Amino acid sequence: MTTLTLSRALNEGLRKALENNPKTLIMGEDVGKLGGVFRVTDGLQKDFGEARVVDTPLAESGIVGTAVGLALRGYRPICEIQFDGFVFPAFDQIVSQLAKMRYRSLGSVRLPVVIRIPFGGGIGAVEHHSESPEALFAHTPGLRVVACGGPADAYTMIQQAALSDDPVIFFEPKRRYWDKAEVDTDGGLAVAPPMDQARIVAAGTDVTVLCYGPMVRTCGEAAVAAREEGRSIEVIDLRSLAPLDTGTIFESVRKTGRCVVVHEAVVTGGIGAEVAARVTQECFYSLEAPVLRVGAYSTPYPPSRMEEYYLPDLDRILDAVDRTFGY
Amino acid sequence: MTTLTLSRALNEGLRKALENNPKTLIMGEDVGKLGGVFRVTDGLQKDFGEARVVDTPLAESGIVGTAVGLALRGYRPICEIQFDGFVFPAFDQIVSQLAKMRYRSLGSVRLPVVIRIPFGGGIGAVEHHSESPEALFAHTPGLRVVACGGPADAYTMIQQAALSDDPVIFFEPKRRYWDKAEVDTDGGLAVAPPMDQARIVAAGTDVTVLCYGPMVRTCGEAAVAAREEGRSIEVIDLRSLAPLDTGTIFESVRKTGRCVVVHEAVVTGGIGAEVAARVTQECFYSLEAPVLRVGAYSTPYPPSRMEEYYLPDLDRILDAVDRTFGY
Amino acid sequence: MTVKDAGRAVSRTAPRATARDTHRQADSAELIQLLTPEGERAEHPDYPLEISADEIKALYRDLVIVRRIDFEAIALQRQGELGIWASLLGQEAAQVGSGRALRPGDMAFPTYREHGVAWCRGVDPVKLLALFRGVSHGGWDPAEHNFHLYTIVIGSQALHATGYAMGIQRDGAMGEDGDATIAYFGDGATSQGDVNEAFIWASVNNAPVVFFCQNNQWAISEPLERQSRVPLYHRAHGFGFPGVRVDGNDVLACLAVTRKAMQAAREGQGPTLIEAFTYRMGAHTTTDDPTRYRLSAELEAWKLKDPIERVKQYLIRGELADMRFLDDIDAEAAAVGKRIRAACQAMPDPPPGSMFDDVLTAETAQLAAERAEFAAYLDSFADEQRELAREGR
Amino acid sequence: MTVKDAGRAVSRTAPRATARDTHRQADSAELIQLLTPEGERAEHPDYPLEISADEIKALYRDLVIVRRIDFEAIALQRQGELGIWASLLGQEAAQVGSGRALRPGDMAFPTYREHGVAWCRGVDPVKLLALFRGVSHGGWDPAEHNFHLYTIVIGSQALHATGYAMGIQRDGAMGEDGDATIAYFGDGATSQGDVNEAFIWASVNNAPVVFFCQNNQWAISEPLERQSRVPLYHRAHGFGFPGVRVDGNDVLACLAVTRKAMQAAREGQGPTLIEAFTYRMGAHTTTDDPTRYRLSAELEAWKLKDPIERVKQYLIRGELADMRFLDDIDAEAAAVGKRIRAACQAMPDPPPGSMFDDVLTAETAQLAAERAEFAAYLDSFADEQRELAREGR
Ligand SMILES: Cc1ncc(C[n+]2csc(CCOP(=O)(O)OP(=O)(O)O)c2C)c(N)n1
Ligand SMILES: Cc1ncc(C[n+]2csc(CCOP(=O)(O)OP(=O)(O)O)c2C)c(N)n1
Ligand SMILES: [Mg+2]
Ligand SMILES: [Mg+2]
């Protein structure tokens, strides 16, 4: 056990991935000497060389497109997209090539490509640096979409993503990069749950709160606050957004009868919509109230001086929890 | 009243838009002499010249990016994306520029840009020619997303889109291009409902079926078939996917107590998810059954020899309707 | 300003006429040619080509067969056996010349029109028919013949080829006997961001990739001057690597130029852009109607530059081949045609349930559930039909 | 092959060293210069510049003031008043020279670093501070000063500028007194598909747009050789329009070269790519730490080429300006600095509800409902606090 920040945990996980397989590569803008703008790849180029930790030209379509080519040659690229808002120039290569090439080949080719995306707001950044585009990828068959919420998961999930023979869109909660926690760097992967399994962060009986990424911590705090008011929240970190671990979700909702989904992304058409639709369909007779959603309003991400109002926080989560008891 | 195919109705609507405003432009690949691969712009270059009906270089980001620039200079470009699967190279310009520039400017600029996208399957095409990416745009604040279902709507909605001072993503059901219907080319816009209003295609009392684009016809046929079996389906053409006309939707569901959403797009994370989540939240006590969704499976669009199994058809819709009565 | 004026304002400033002139007549000074349209051997100082009569005859065979495959496919489409077909008519030399310049270890990244290259790589044409029939989206194993899947989204494969080439560098598989890649794309594709990004990646990494652009003068209905106002091979210079224009209807020149570029690439001299100057003799695809946008005079002029005829003339004039040889090739081509026609007609539709296959390496629970649900749904119809059948009895 | 070998396989074939050499020392033959680092006037046959002492003094004033604005902004960021700042230090001449070459009717499309151009266009620097403070995403009216909003997504604005230029063509606003546009971007941006697509659109349409690339040698931590192995201005030739390299630290050369290119554009001669060869003297932004990736020696060498110092030397040596003038300018700059600092510190946060403004021209019912819901939610806290206050009483 070591105490690591989330950013450091990813760094250690990436190091393991590079050590364990000489075909593993890291590519992206500024991932080399600089170690990435969040230092997630710090020191890796020094130790593994410029051929394995590659500073690419400044073009995201090029990064993903060449990663696809490298994968076809047997490599396992892990691409960094510098910020969430800059994944869109690569969108075509991701949805039309990366996600579909295996299907196109009737299973002849494997595309073990990881696309790391620091996502979400809360760091006082300028435009395009606080986006939450995960629903766009979850709607695209052929991709695995995951998000880590804390250092321990970051460490194991990035390794699992690197080991996956399928493309993985890997979301990292950028405002939690500096959060610290105990990480079991010895036990490692052997004891870690698979990355497509949800995790019960806090057990509870009255209402299920589903979340992922940066909202895991916030929802955990909400559960603590609610407990003081005598309300028992079960917090589940979805971890995998595609596929969803519906088993864990349904079991909890059948128990609690109430459900709130929380994410930073825009509510309309977000992951919460899918979760709500599925939960309602499968737990219809268990539900005491409709699944409520907490997330961003139907506006672009606002200037950062307003973000505290835009982002779901403890109050808005508890407010939604309260509302589920109003039915 | 004239009988027009959907493709011809769009053509007439575009002609009106060009006639009514000298700032209106049409741009895209092969929209000139060829008149577009679906002939939607047939004859327009001949009549309005190469400066107003513009054959562009072959690059979708360039098409949308220059359209944004033209809009800033006071023009009103209507861009054609040749097929749904080719909108992705333009995705960045659409979600990060077109959708956000007005917000960025605190309302100083208007972006009256229409992006026409023939969408959906059923025409026996090769890969990338049968996609249904509408949910990706509906999740993006700053865009209006609409789909026409038949010739009459095509004629008026494309004109309304051209008149809109906001960016409009305009989906055209490509397998319905050759469908014919009566179009009121004299009454015109004055009598047409606004494009963000849903339309009751067939009134009914037992269950609400929501659809749009190519599924409007299919759902209409399902309603007829169901009537023979003594079941009264209310079919609603959503027409606007962002924003949703929730007023019309909720009113119907509160009346029928049952709801099925039908689209060609992948079910997971599709428009149906959002509709289901909202309907459940707002009509919770009226619902006799969960909102069910009919759409594509979690696979890429398959080779066309399998598409009849992949696409929602009358049987699958009626099957879902039946299931809502099983609760 | 009136609507009409707007039109004029543009045409006054746009250099269309000039561009058109530049593009249509490839300046013979810049066009590498080793076999004239009349079937005479030409020499080029930079591209000496030692080639035996047998080798030329083999190329002739390829040319005739791929044209026949194309012909057959068009017919199959007309008869409803294929959904669509993208004809290579007129581009046989560009494809066979470049395709035969490749070594087994080289990897080719095609568009949707490289049937001639597929042939050279040993891919069964029936697989191509399967794609255009709607039975598969490709479905061959790219590693089997080192021929990647057809790519329909314009330009994407240029980046795949470049990434693959970067893999070759990392494998240490460079050198005289090393590997290289070739990316095919059309004139229209040069406008896509991806193709230009591939030029950048290839040049800064000095990657072993050759960009082979078949400039067939048209991108569906758009003539080249809608994509560029200078010859396309110039583009490479701006990115810092060589670009050359070759007579795309000259199989020998295409062979020599591609071979040299591939060799340079594998030996570490980096990328080359080859512009094969040719012409799309047919429609863009079987659903296209070129009479809407181009003049038949252009077609007639290009008929005189036919890529097969000139080889035939060369062989006959030089008495390198007799009628018997030519007839044998025709017969062989006919046999290939017959075989693929039969195979196409006999090709069963894929089992509907196979649409759930190969989405990911391991099926998700979600997909497994959908697969099962679909199977049950299909069965329900079978049940219904059985019942109906029973009732009928 | 071992991991280490892989590294070697690449470096053996990549032409890094050469590229680095090419890039770092701009060949003086190709670099247009009208004022040497020592402050001596130089002549260039293609760029004769008639300029009065007063005009040069005005440029000097601009340079000093924009540096001061930058300096103030960095300080404000350090003090927590701004979230981040992208410094233009070292690039003042490129921005002021090009910015002052524009006519009122011309439209400029900046990145996030064009504070000097903003100044020339008359945009209040406080608006820039508002953006970096997180109060707005820009928020000025592009039409007011013909200065577009800052664009953060690398390269996007090159297409906007080109489209705008196509609008100028359609307006018939070409000609000697017509309009043109200028698109700013960095060296790193030249790798983006969008920038290359803009080159294509501009050239095939012969659009009145000038591409002004400030090659400051770095894209965050990546040196130019990760983006190109040849000088960037070469890029234009491949697309069929002229490219030139100008000393980006020479305000006179930047003025003359931009003026000529803009004039050519408005007169219908099409686009030009200007590569302003300069250096990012500071960090990429205030959150960056350049010591991680570059040597201070480089910085020292560039200090000798300071864009302001050379103008000062020129003015002093030619006795065109006295100390009083220089002091006055410094005082004026200080005043500007003081004013914007005070304005920044006094800048209120936007009312939270304003985040719902200006999403679309007409608010949707959905958004109106969200706005109302949010207002009620905020009120509930106010209520709570009022209650708490009451209870406290
Ligand atoms: C990204 C994208 N946009 C549009 C299309 C539709 N389309 C298919 S082929 C084609 C023209 C291609 O022209 P060119 O690159 O010259 O190749 P050619 O067909 O002439 O071989 C177009 C526009 C596409 N396949 N992909
Ligand atoms: C599409 C996109 N990808 C990545 C980034 C992150 N980013 C911001 S500035 C920058 C480097 C830009 O370098 P250059 O174009 O040379 O401009 P400079 O900052 O040197 O002025 C990067 C990678 C971005 N803003 N947009
Ligand atoms: Mg072509
Ligand atoms: Mg730079």
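Since the model is a prediction, treat every value here as computed from it, not as a measurement. Heavy-atom basis, side chains included; hydrogens, waters and symmetry copies ignored. Each chain gets a letter, A, B and so on, in the order its sequence line appears, and its residues count up from 1.
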Enquirer: Atom OH in Tyr285(B), atom CZ in Arg254(B): separation rounded to 0.5 Å?
Expert: 12.5 Å
Enquirer: Answer yes or no: is there a side-chain heavy-atom contact under 4.5 Å between Phe147(D) and Pro110(D)?
Expert: yes
Enquirer: Could you tell me whether Phe199(D) and Phe241(D) have their ring centroids closer than 6.0 angstrom?
Expert: yes
Enquirer: Among the options Ala365(D), Ala198(D), Gly167(D), pick out the one with the most heavy-atom pairs lying under 4.5 Å from chain B.
Expert: Gly167(D)
Enquirer: Considering only heavy atoms and a distance below 4.5 Å, find which of Val64(B), Ile63(B), Leu143(B) pairs most often with chain D.
Expert: Ile63(B)
Enquirer: Please confirm whether the backbone N or O of Gly272(B) pairs with a side-chain atom of His263(B), one donor and one acceptor, at under 3.5 Å?
Expert: yes
Enquirer: Under 4.5 Å heavy-atom distance to chain D, tell me which part of Met101(B) shows up: side chain, backbone, both or neither.
Expert: both
Enquirer: Using heavy-atom distances under 4.5 Å, tell me whether Ala158(D) contacts chain B through its side chain, its backbone, both, or neither.
Expert: neither
Enquirer: Got Val209(D) and Ile182(D) here, is their nearest side-chain heavy-atom distance under 4.5 Å?
Expert: no
Enquirer: Let me know if Leu149(D) has heavy atoms under 4.5 Å from chain B in its side chain, its backbone, both or neither.
Expert: side chain
Enquirer: Just jot down the side-chain contact (heavy atoms from CB on, under 4.5 Å) partners of Leu34(B), sequence neighbours excluded, or say none.
Expert: Asp30(B), Val37(B), Arg39(B), Ile220(C), Ser221(C), Asp288(C), Arg292(C), Tyr293(C)
Enquirer: Is Met355(D) in contact with chain B via its backbone, its side chain, both, or neither, using a 4.5 Å heavy-atom distance?
Expert: both
Enquirer: Restricting to non-hydrogen atoms, name the atom on Ala147(B) and the atom on Gly213(B) that form the minimum distance, rounded to 0.1 Å.
Expert: CB-N, 4.2 Å
Enquirer: What about the rings of Phe211(D) and Phe239(D), do their centers lie closer together than 6.0 Å?
Expert: no
Enquirer: Measuring heavy-atom distances to chain D, does Ala67(B) have an atom under 4.5 Å in its side chain, in its backbone, in both, or in neither?
Expert: neither
Enquirer: Closest heavy-atom contact between Pro348(D) and Val135(D)?
Expert: O-CG2, 4.1 Å
Enquirer: Below 3.5 angstrom, are there any donor-acceptor pairs between chain B and chain D, and if so, which atoms and how far apart?
Expert:
residue   : atom : partner   : partner atom : Å
Lys23(B)  : NZ   : Asp171(D) : OD1          : 3.3
Ala51(B)  : O    : Arg170(D) : NE           : 2.6
Ala51(B)  : O    : Arg170(D) : NH2          : 3.2
Ser61(B)  : OG   : Asp194(D) : OD1          : 2.5
Gly62(B)  : N    : Glu197(D) : OE1          : 2.7
Arg73(B)  : NE   : Asp171(D) : OD2          : 2.7
Arg73(B)  : NH1  : Asp179(D) : OD2          : 3.4
Arg73(B)  : NH2  : Asp171(D) : OD2          : 3.1
Arg73(B)  : NH2  : Asp179(D) : OD2          : 3.3
Tyr75(B)  : OH   : Asp171(D) : N            : 3.3
Tyr75(B)  : OH   : Asp171(D) : OD1          : 2.3
Gln93(B)  : OE1  : His160(D) : NE2          : 2.9
Gln93(B)  : NE2  : Ser156(D) : O            : 3.4
Gln93(B)  : NE2  : Asp194(D) : OD2          : 2.9
Gln97(B)  : NE2  : Ser156(D) : OG           : 3.4
Tyr103(B) : N    : Asp358(D) : O            : 3.4
Tyr103(B) : OH   : Met355(D) : O            : 2.6
Arg104(B) : O    : Gly139(D) : N            : 2.8
Arg144(B) : NH2  : Ala362(D) : O            : 3.1
Asp166(B) : OD1  : Thr361(D) : N            : 2.7
Asp166(B) : OD1  : Thr361(D) : OG1          : 3.1
Asp166(B) : OD2  : Thr361(D) : N            : 3.2
Asp166(B) : OD2  : Thr361(D) : OG1          : 2.9
Arg278(B) : NH1  : Gln366(D) : OE1          : 3.1

